[in-house]
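Since the structure comes first, as structure tokens, the remarks are kept for the end.
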There are 2 protein chains.
Amino acid sequence: MKHKATKGRQANPPCMATSLHVVEIDKLKTACSSCSLHELCLPAGLTPDEIKSVDQLVNRRRQVKRGEHLYRSGTPLQALYAIRTGFMKSCVLHEDGREQVAGFHMMGELMGMDAIGTNQHLCDAVALEDSDVCEIPLDDLESMSRQIPSLQQHFHRVMSREIARDYGVMLLLGSMRAEERLAAFLLNLSQRFAARGYSSTEFHLRMTREEIGSYLGLKLETVSRALSHFHAQEVIAVQNKHLRILKIDSLRELVGQHNCRA
Amino acid sequence: MKHKATKGRQANPPCMATSLHVVEIDKLKTACSSCSLHELCLPAGLTPDEIKSVDQLVNRRRQVKRGEHLYRSGTPLQALYAIRTGFMKSCVLHEDGREQVAGFHMMGELMGMDAIGTNQHLCDAVALEDSDVCEIPLDDLESMSRQIPSLQQHFHRVMSREIARDYGVMLLLGSMRAEERLAAFLLNLSQRFAARGYSSTEFHLRMTREEIGSYLGLKLETVSRALSHFHAQEVIAVQNKHLRILKIDSLRELVGQHNCRA
DNA sequence: AAGGCAATTTGACGCAGATCAAAACGGGCG
DNA sequence: CGCCCGTTTTGATCTGCGTCAAATTGCCTT
């Protein structure tokens, strides 16, 4: 529980990847410097030298197959995880076994921060497609951020942004109507895909309608109906999980105006 | 924007307190060491020596009268604030001017963490009763937490707990019925008052029904009706803002069972 | 290619909670 | 003390979304 000044852990087993060449495994270890995500991820804004130091933090990568858990609620916090590729959800669990999706996470995002306070994970993290995450032991991150102020600062920003995101979700759940929620959700996805260099108007929904509904505080039927309605209005084009935004401004207008639920 | 190794700011104007003796002003400056909240607040778990160092962080105290703002949405982040006495709310603002209560805050709690990511406050912070807060400049907190690992660790825990709290609110807003939400809310208040040495069963609601409703994603009439219903069942006794919990277990049962909204 | 299961869509209906309205209450101020 | 205004309560009605149900589609397995 006390701070350990562990600095790098070269002795760890290389990784759990299954069928990779040695060369690739080696590349895996020198993560951040060569990672295309370092402008989005934890090392954002660091100098190349600093990023080299951060490489030592990410000593292990882990593959999580579609449907598998990265961690489970109640489990002790082992590390934080940065998503390198793939798509995940986190679910908060009710005492009575029911669950609610608390967020969807894509590459460059950090998961597990909710567990720092109690050292126990509060949610399940489940891969919605085959994913690849970097394991970042918290102790190491803390000791390194004592040495690299800009890393420390960036880590704080990342945590803070998670809080800000949560406030946005609270707003959505507390005061938006079904179609507004869905519009806000689609705009959010769009923007995040765009930030990663993907199309902001055409993408694949990796989650089911039920998962979208759980996240938005709606039933799957309502999600389906709202999508159909948007489709009928030609605001979007949906076919199963493939989605294209046709009139992004219409979505924006929808989110802006709160007809109901003052 | 870069880290400044500022360490203490003894030169600041003492404080904005209005009618205090010099002795008291002086006492105000040596905040944490003599503060009865240090087990709840930021210095929790530090050694007496470490707390002395932390005293330098809290170089200013600020009084916020009932109804006044501590900070406003959009304003640049000046500092984090630890509540010493009083009671506050934070409100997220819609673009269209509508607002939603994102949280209620009581003594020992830290406010402003949502602003670290963008350096801009995301919510308004308003005092619901005359309050007294400690100003903690973020730069100073960061530089000191580089020197005192247990401070760093505790700060991370505090931020993480805010994230965990938000997840709880998301759960509440996304999947509980009106009376469950209210029960969860009352239990939460009860527990937080208890942690501060106040009665867990009898307290004063400092916020209006409308503010409760805003926080819980309900209309004030619904809040009022739910309170009346609990009262009729003799689960609680409410008179205006005075509230007594008579059957705390009934409230707990209510939160446990999710009749609706799977 | 066929079969089966999960996901999705669509319709009909009901209800929790929003909305509208009005009365009662309480607290601060002249 | 009494007035005024914001807060709260309570009732009546309306509606968005949940619930139930059934048909359709797509995907994965054999």
Side-chain angles (χ1 to χ4, degrees), chain A residues 65-67 89 98 100-101 126 128-130 172-185 204-233 236-243 254 257-262, chain B residues 65-67 89 98 100-101 126 128-130 172-185 204-233 236-243 254 257-262:
Chain A
K65 293 274 176 202
R66 183 169 191 280
K89 67 170 176 180
R98 216 90 40 67
Q100 166 160 353
V101 175
V126 183
L128 295 180
E129 61 181 30
D130 292 0
L172 181 146
L173 292 172
S175 62
M176 290 188 186
R177 337 183 79 254
E179 296 198 350
E180 281 179 84
R181 296 186 199 190
L182 193 67
F185 172 68
H204 207 76
L205 299 169
R206 335 263 155 147
M207 68 298 281
T208 66
R209 307 284 191 256
E210 186 169 19
E211 286 162 336
I212 297 173
S214 174
Y215 179 61
L216 298 179
L218 302 169
K219 305 269 79 180
L220 67 147
E221 295 95 329
T222 306
V223 173
S224 177
R225 269 185 254 268
L227 285 172
S228 302
H229 186 216
F230 287 165
H231 189 113
Q233 291 177 147
I236 62 171
V238 240
Q239 173 147 42
N240 208 23
K241 311 229 157 172
H242 181 82
L243 189 135
L254 251 167
Q257 66 194 20
H258 297 265
N259 319 321
C260 175
R261 279 169 136 274
Chain B
K65 293 274 175 204
R66 184 168 190 277
K89 67 171 176 181
R98 214 90 39 68
Q100 167 158 352
V101 174
V126 182
L128 296 180
E129 62 182 29
D130 292 0
L172 180 147
L173 292 172
S175 63
M176 291 190 187
R177 336 184 77 254
E179 297 200 348
E180 281 180 85
R181 296 185 198 189
L182 193 67
F185 172 68
H204 207 75
L205 300 169
R206 336 261 155 152
M207 69 298 282
T208 66
R209 306 284 131 107
E210 186 169 19
E211 285 162 336
I212 297 173
S214 174
Y215 180 61
L216 298 179
L218 302 169
K219 304 269 80 179
L220 66 145
E221 295 96 327
T222 307
V223 173
S224 177
R225 271 184 252 269
L227 285 172
S228 301
H229 187 217
F230 288 166
H231 189 111
Q233 290 177 147
I236 62 172
V238 239
Q239 172 147 42
N240 208 21
K241 311 226 157 171
H242 182 82
L243 189 136
L254 251 167
Q257 66 194 17
H258 298 265
N259 318 323
C260 176
R261 279 172 136 273

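Just so it is clear: chains get the letters A, B, ... in the order the sequence lines come, proteins before strands, and each one is counted from 1.
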Quick one: list whatever passes side-chain contact (heavy atoms from CB on, under 4.5 Å) with [X], sequence neighbours left out.
X	value
B:S228	B:S224
B:R225	B:E221
A:H229	A:E179, A:Q233
B:D130	B:K65, B:R66

**Item:** Interface residues of residues 223-231 of chain A with DNA chain D (non-hydrogen, below 4.0 angstrom)
**Value:**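 The answer is A:R225.
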Write down the protein N/O and nucleotide N/O pairs, taken from nucleotides 26-30 of chain D, whose separation is under 3.5 Å; answer none if there are no such pairs.
none

**Request:** Please name all residues satisfying ring-ring contact (aromatic ring centres under 6.0 Å, His included) with B:Y215, sequence neighbours left out, ordered by chain then number.
**Result:**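 In terms of ring-ring contact (aromatic ring centres under 6.0 Å, His included), with neighbours along the sequence ignored, B:Y215 is linked to B:F104, B:F185.
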**Prompt:** Per the end-axis method with five pairs at each terminus, what is the bend angle of the helix from C:dA1-D:dT30 to C:dG30-D:dC1, to 10°?
**Reply:**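 Comparing the axis at each end, I get an angle of 50°.
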**Message:** So if I take every side-chain heavy atom of B:E221 and compare against C:dT10, C:dA7, D:dT10, which nucleotide ends up nearest?
**Reply:**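 Selected nucleotide (nearest to the side chain): D:dT10.
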**Asked** What nucleotide, of C:dA18, C:dC20, D:dC17, holds the atom closest to the side chain of A:R177?
**Response**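 Nearest nucleotide to the side chain: D:dC17.
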Non-neighbouring partners of [X] that pass side chain to side chain donor-acceptor pair (under 3.5 Å), sequence neighbours left out:
X	result
A:H204	none
B:R206	B:E129
B:H231	none
B:E210	none

Tell me the interatomic distance from [X], atom [atom1], to [N], atom [atom2], rounded to whole angstroms.
X	N	atom1	atom2	value
A:R209	D:dT25	CZ	P	15 Å
A:E210	C:dT9	CD	P	13 Å
A:R66	C:dA6	CZ	P	13 Å
A:E180	D:dG16	CD	P	12 Å
B:L216	C:dA18	CG	P	11 Å
B:H204	C:dG26	NE2	P	13 Å
A:L220	C:dT9	CG	C1'	10 Å
B:L182	D:dT8	CG	P	13 Å

**Request:** Could you tell me which non-hydrogen atom of A:S214 sits nearest to which non-hydrogen atom of A:Q100, and how far apart they are?
**Result:**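 Residues A:S214 and A:Q100, closest heavy atoms: OG-CA, 3.2 Å.
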**Message:** I want to check one thing: is the phosphate of C:dT8, taken as OP1 and OP2, less than 4.0 Å away from some side-chain N or O of A:K241?
**Reply:**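 It does, given that an N or O in the side chain of A:K241 lies less than 4.0 Å from OP1 or OP2 of C:dT8.
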**Message:** If you compare every side-chain N and O of A:T222 against the phosphate oxygens of D:dC17 (OP1, OP2), does one of them come in below 4.0 Å?
**Reply:**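 No, no such contact exists.
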**Message:** Can you tell me how far apart CG (A:L216) and CG (B:L173) are? Round to the nearest 0.5 Å.
**Reply:**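 Spacing of CG (A:L216) from CG (B:L173) equals 12.5 Å.
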**Asked** Quick one: does B:R209's side chain have a donor or acceptor within less than 3.5 Å of a partner on B:L220's backbone?
**Response**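 A pair under 3.5 Å: no.
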**Message:** On the side chain of A:E179, is there an atom forming a donor-acceptor pair with the base of D:dC17 - under 3.5 Å, no angle test?
**Reply:**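 Between D:dC17 and A:E179, which were checked side chain against base, a qualifying N/O pair under 3.5 Å is absent.
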